[in-house]
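So the structure is just underneath, and the comments pick up after that.
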Amino acid sequence: MVLEGGRYVKIIGLRHRDKPIFTLPVPRSRIYVVTDPALAAAVQRASKTLSFTPLVPDLTKRVIGLDLDTVALLRQNLDPEPGEPHGFLADMHDMVYAYLGPGVPLTALSLGAARELGRQVAAHAAQLQQPQTVNLLAWVRHFVTLGTAQFLYGPDNPLTLHPHLEQAFWDFDCGLGRLLLGVAPALTARAAYRGRESLASAFEEYLSAGCHDGAAPIVQRRVDIAHQHGLSVAATARSELSFLFAGIVNTAMTTFWAVLQIFARPALLAAVRAELAPALVGDGMCQLSMDALNSAACPTLDAVVRECLRVGSDNYSTRLVKSDTVLAGQWHLTAGAVVQIAGGVIHADAGIWGADADVFNPARFLKLGEGGRKVHPAAFRAFGGGKTLCPGRHFAMHEIRALIAMVVLTFDLEAADPGAGSGPGITVPLKEDRVLPVHILEPRTDLYVRITVRDGRSILVV
Ligand code: HEM
């Protein structure tokens, strides 16, 4: 475990593919690791006795630094049965899932996000007179971080007003695993702790000044729910930090991998550009229609994003065993233990995805839609599953497709050595899978590219 880090469980799981579940002994408890999609679906169905929610107060206390009074509030009615009163977490869960489900608010939020990201990309293209060498991950992160802060939290959001908070945000992200351990975080996760505290006080100021009046309706609803349940302004600020994090980090990482994989493959780049051509209207200042960016209209682009999520997500879906449970009629789980569905094992299983499971091959998702290989619905784990299935998944897929479309249509990218000139082609780095997988994995090494604007183009989102 010390040598392999986050990859340890994946290695064991893949070595023992005949075992759908195995136990990891840990001090004073045990962790059951599920590596089979059918058994993962059984875990998701057993939501009465296997639940993530009881773990949330303690986890969020460590990660976002909640005070003890707020943690006590979070523990109230957190897993209500029908008809029972709802606590803060249950109310927030229901609102966010309803709001981000298919419907008018989701369409409005998706269009607002695409327009904001479009503005960011167009502004960058307009000031790019000469080819520029950039760190690709930092370049993509910048669009997503500032764009998301703007469309969720409005023009007076803390990250636009205080540009140094962008670095604070990524420092927070980088040390999240150490914050989660909760051992003297001010010392053991110094940069992350400092970044988080700077963000928390800036968001507290933002809320105290009523700046959330200019935020997206979903954020206003979140703040109302926090207020109704008696959270202080400081605790509400920290709760919003968790939403900002959910809105930015996976989206940025997925867009990075997808842009990289597309530009590393000239034939794929040509196919994606050809697919996007009908969505463009006008010359020079082109208009990109959001209606034309759905998965049916852009199957190749959509398949690239899904494949990036499959190969980049080693995510665990975690549940506490609230009372003894028998899974699928044969696996006895003891109360007090933890169950984890190991996305990394399932995503890398050749028995599920085919002999090329370890290779990036977006065509597999096109074939899935064409009656090809059958894959269990619970085998795609990037958005989790069951009661904790990511509520932002529809929004995220739309936003990611839109941002990739803008980048692919506006820029040309080629490999660059930051010290020297440009190289022949882009090489995709390995992913860093030796860490605790708290989000889509990062590359093991930095990747620099040379960016130029195509045909002096600028794209307007309509
Ligand atoms: C590629 C992008 C994204 C990925 C891969 C992703 C993945 C996930 C995963 C794995 C979970 C936990 C599921 C589990 O434990 O089973 C989650 C939860 C969540 N996600 Fe996403 N997410 C993405 C984008 C977004 C966006 C853009 C938003 C909001 C705007 C969002 C909002 C949330 C929220 C609020 C939760 C917590 C839900 C709860 O209350 O249990 N996500 N996401």
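Since the model is a prediction, treat every value here as computed from it, not as a measurement.
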For a quick test of reading the model, state the closest non-hydrogen atom pair linking Thr53 to Ser51 and the distance between them. OG1-OG, 3.0 Å
Can you tell whether the side chains of Arg17 and Asp349 come within less than 4.0 Å, N to carboxylate O? yes
Roughly how far apart are Gln220 CD and Asp224 CG, rounded to 0.5 Å? 7.5 Å
Looking only at non-hydrogen atoms, find the nearest pair between Ala357 and Ala348 and report the distance. CB-O, 3.8 Å
So, do Leu165 and Ser198 sit near enough that their side-chain heavy atoms are less than 4.5 Å apart? yes
Do you see a donor-acceptor pair shorter than 3.5 Å between the side chains of Asn361 and Glu307? no
Quick one, Ile404 and Thr255 - any side-chain contact, counting heavy atoms below 4.5 Å? yes
So how far is it from Leu50 CG to Gln44 CD, rounded to the nearest 0.5 Å? 10.5 Å
Would you call the rings of Phe245 and His439 parallel, tilted or perpendicular, where under 30° means parallel and over 60° means perpendicular? tilted
Checking His142 side chain against Glu166 main chain: does a donor-acceptor pair fall under 3.5 Å? no
Could you walk me through whether Ile426 and Leu260 pass side chain to side chain contact (heavy atoms under 4.5 Å, CB included), step by step? CA-CA 8 Å; Ile426 294 175; Leu260 176 55; 3.4 Å; yes
Under the 3.5 angstrom rule, does the side chain of Glu432 hit a backbone N or O of Arg434 as a donor-acceptor pair? yes
Could you tell me the separation between the CZ atom of Arg393 and the CG atom of Asn250, rounded to the nearest 0.5 Å? 14.0 Å
For the residue pair His347 and Phe380, does the interplanar ring angle fall in the parallel (under 30°), tilted (30 to 60°) or perpendicular (over 60°) class? tilted
Do side-chain atoms of Thr325 reach the backbone of Ser323 as a donor and acceptor pair under 3.5 angstrom? yes
Contact between Val305 and Trp257 at the side-chain level, heavy atoms closer than 4.5 Å - yes or no? no
Yes or no on side chain to side chain contact (heavy atoms under 4.5 Å, CB included) for Leu159 and Leu199, after CA distance, side-chain angles and deciding distance? CA-CA 9 Å; Leu159 280 93; Leu199 285 159; 4.3 Å; yes
Report yes if the side chains of Leu14 and Thr35 come closer than 4.5 Å at any heavy-atom pair, otherwise no. no
Would you say Arg238 and Thr60 are linked by a side-chain donor-acceptor pair, where the criterion is simply a distance under 3.5 Å? no
Do you know the tightest heavy-atom contact between Pro155 and Leu161? O-CD2, 4.4 Å
Take Phe52 and Leu59, measure what side chain to side chain contact (heavy atoms under 4.5 Å, CB included) needs, and give me the verdict at the end. CA-CA 11 Å; Phe52 178 56; Leu59 289 177; 3.9 Å; yes
Tyr316 side-chain N/O to Val33 backbone N/O, donor-acceptor pair under 3.5 Å: no
Nearest non-hydrogen partners of Pro80 and Asn77, listed with the distance: CD-O, 3.5 Å
Does the gap between the ring centers of Tyr99 and Phe243 come in under 6.0 Å? no
Distance col, row Met253:CE vs Ile400:CD1, nearest 0.5 angstrom, shows 11.0 Å
Taking the side chain as every heavy atom from C-beta outward, state whether Gln76 and Phe88 have any atom pair closer than 4.5 Å. no
Met92 vs His229 side-chain heavy atoms within contact, under 4.5 Å: no
In sequence, state the C-alpha distance, the side-chain angles, and the governing distance for Arg444 and Asp433, and then conclude on salt bridge (Lys or Arg N to Asp or Glu O under 4.0 Å). CA-CA 8 Å; Arg444 222 174 251 196; Asp433 57 0; 3.2 Å; yes
Any chance NZ of Lys431 has more than 12 other-residue heavy atoms, nucleotides or ligands included, within less than 6.0 Å? yes
Hey, is CZ on Arg190 packed in by over 12 heavy atoms from elsewhere, all under 6.0 Å? no
Determine yes or no for a side-chain-to-main-chain donor-acceptor pair under 3.5 angstrom, with Thr188 supplying the side chain and Val183 the backbone. yes
Under 3.5 Å donor-acceptor, Asn135 side chain and Ala138 backbone: yes
Using the rule given for side chain to side chain donor-acceptor pair (under 3.5 Å), can you reason through Arg319 versus Thr388, listing the C-alpha separation, both sets of side-chain angles and the distance that settles it, and then say yes or no? CA-CA 10 Å; Arg319 306 285 191 268; Thr388 58; 3.2 Å; yes
Any non-hydrogen side-chain atom of Leu137 less than 4.5 Å from a side-chain atom of Leu447? no
Starting at CD of Glu275, measure out to CG of Leu268 and round the result to the nearest 0.5 Å. 9.5 Å
So Tyr153 and Tyr206, would you call those rings parallel, tilted or perpendicular, with 30° and 60° as cut-offs? perpendicular
Does atom NE2 of His227 have more than 12 heavy-atom neighbours from other groups under 6.0 Å away? no
Shortest non-hydrogen contact from Val345 toward Gly13: CG1-C, 3.9 Å
Aromatic rings Trp353 and Phe365: how do their planes relate, parallel, tilted or perpendicular, breaks at 30° and 60°? tilted
How long is the straight-line distance from CG of Leu106 back to CG of Leu111, given to the nearest 0.5 Å? 11.0 Å
Heavy-atom distance under 4.5 Å between the side chains of Thr334 and Tyr32, does that happen here? yes
Taking every heavy atom of Glu442 against every heavy atom of Asp173, the minimum-distance pair comes out as OE2-OD2, 3.7 Å
Do the side chains of Glu197 and Arg194 get close enough for a salt bridge, i.e. N-O under 4.0 angstrom? no
Is a side-chain donor-acceptor pair under 3.5 Å present for Ser317 with Arg381? yes
